[in-house]
Amino acid sequence: MTSQASRASGNRHTSRILHRQWLTKDTFTLTLERPPAFHFQAGQRICLLTDGKNRDYSLIPGNSHDQLILLIRSVEEGVVSPHLSRCPLGTALDFTGPSGHFINRPSSRPAVLIATGTGIAPFAAMCRTGMQGFVLLHGVRQVDELYFRDLMEPAALSYVPCLTGTPSSRPSHGFPGRVTDYLRRHFPEGEYDFYLAGRREMIAEVMDIVDHRFPSSRVYSEIFF
Ligand SMILES: Cc1cc2nc3c(=O)[nH]c(=O)nc-3n(C[C@H](O)[C@H](O)[C@H](O)COP(=O)(O)OP(=O)(O)OC[C@H]3O[C@@H](n4cnc5c(N)ncnc54)[C@H](O)[C@@H]3O)c2cc1C
């Protein structure tokens with residue numbers, strides 16, 4: 001059921017927060033009411049409008065059709081993300097969207113998904129809508145930041161946690177280093193469709209590696225910050 005709090009005007013919508021779940025000390029999921037007739041493609045984002053500030057967030061389908069999920073890191077020095085981490089359940093949120101072209105484009109080339117941190121969100125959306133058989137490199141500091149692992153690992157052909165934290169935080173089967181180190185040292189040559197989401201520096205570095213090692217590949221990217 002969708003209450004009157006969720007309504008749309010053009011591609012501007014109003015929703016409200018139903019649930020907040022903390023996954024680590026600074027990262028949480030927000031479950032939102034899905035406005036009526038709001039549709040999106042996995043990998044797309046919305047732009048939240050809060051106190052005169054605009055911030056983009058990747059959309060993840062909710063557990064039921066009338067819900068949407070956002071995966072958010074509360075940035076200590078940030079404006080919108082700390083607000084979203086604290087505001088009461090039931091708070092109304094205005095947003096525009098969906099927008100973006102970062103969607104799954106099936107081809108004969110193997111799909112290689114590379115995320116840092118919350119960059120896993122668009123891939124969780126793709127996975128929830130049926131994508132499978134991909135290689136996933138997820139770069140985080142600690143094991144507990146491998147968000148949506150339960151969803152992603154069974155659907156992946158190969159799931160590679162890349163951990164940059166202290167050695168004690170690394171699982172025996174994870175790669176101790178950055179996603180770009182893994183790509184350089186361990187990835188077999190070939191033609192791939194690379195999907196990159198997260199930090200700008202990671203995306204720039206992967207593009208450089210692709211130019212040199214996988215020149216016939218395609219790259220799709222979503223820069224978060
Ligand atoms: C296309 C797109 C999709 C995005 N999707 C998501 C998403 O699904 N989840 C999400 O948490 N954020 C996402 N972001 C980032 C988000 O829009 C905000 O920038 C973020 O929430 C910080 O906003 P703020 O107002 O709290 O801090 P700001 O004052 O805007 O930023 C402060 C600093 O925080 C850092 N930062 C921003 N985002 C992150 C992050 N996710 N993790 C670590 N450090 C960060 C940057 O260095 C930035 O300079 C996305 C951004 C874009 C452009």
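Residues: numbered from 1 along the sequence shown. When a ligand or atom number is given, it counts from 1 through the structure's own listing order.
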*Asks:* Using the rule given for ring-ring contact (aromatic ring centres under 6.0 Å, His included), can you reason through Y147 versus F28, listing the C-alpha separation, both sets of side-chain angles and the distance that settles it, and then say yes or no?
*Replies:* CA-CA 10 Å; Y147 316 117; F28 57 98; over 10 Å; no
*Asks:* Parallel, tilted or perpendicular, judged at 30° and 60°: which one describes the rings of F38 and F95?
*Replies:*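 Ring orientation of F38 relative to F95: perpendicular.
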*Asks:* Of all residues at least two apart in sequence or in a different chain, which pass the side chain to side chain donor-acceptor pair (under 3.5 Å) check with R178?
*Replies:* E205
*Asks:* Can you tell me how far OG of S58 sits from CD1 of I69, rounded to the nearest 0.5 angstrom?
*Replies:* 13.0 Å
*Asks:* Could you give the side-chain donor-acceptor pairs of residues 45-54 under 3.5 Å, partners two or more places apart or in another chain?
*Replies:*
residue, atom, partner, partner atom, Å
R45, NH1, E222, OE1, 3.1
R45, NH1, E222, OE2, 3.0

*Asks:* Can you sort out the partners of Y192 under ring-ring contact (aromatic ring centres under 6.0 Å, His included), two or more places apart, ordered by chain and number?
*Replies:* F187, F194, F214
*Asks:* Collect the protein residues that have a non-hydrogen atom under 4.0 Å from ligand 1 and hand them over in chain and number order.
*Replies:* R45, R55, D56, Y57, S58, L71, I72, R73, V75, E77, G78, V79, V80, S81, P82, T118, A121, E222, I223, F224, F225
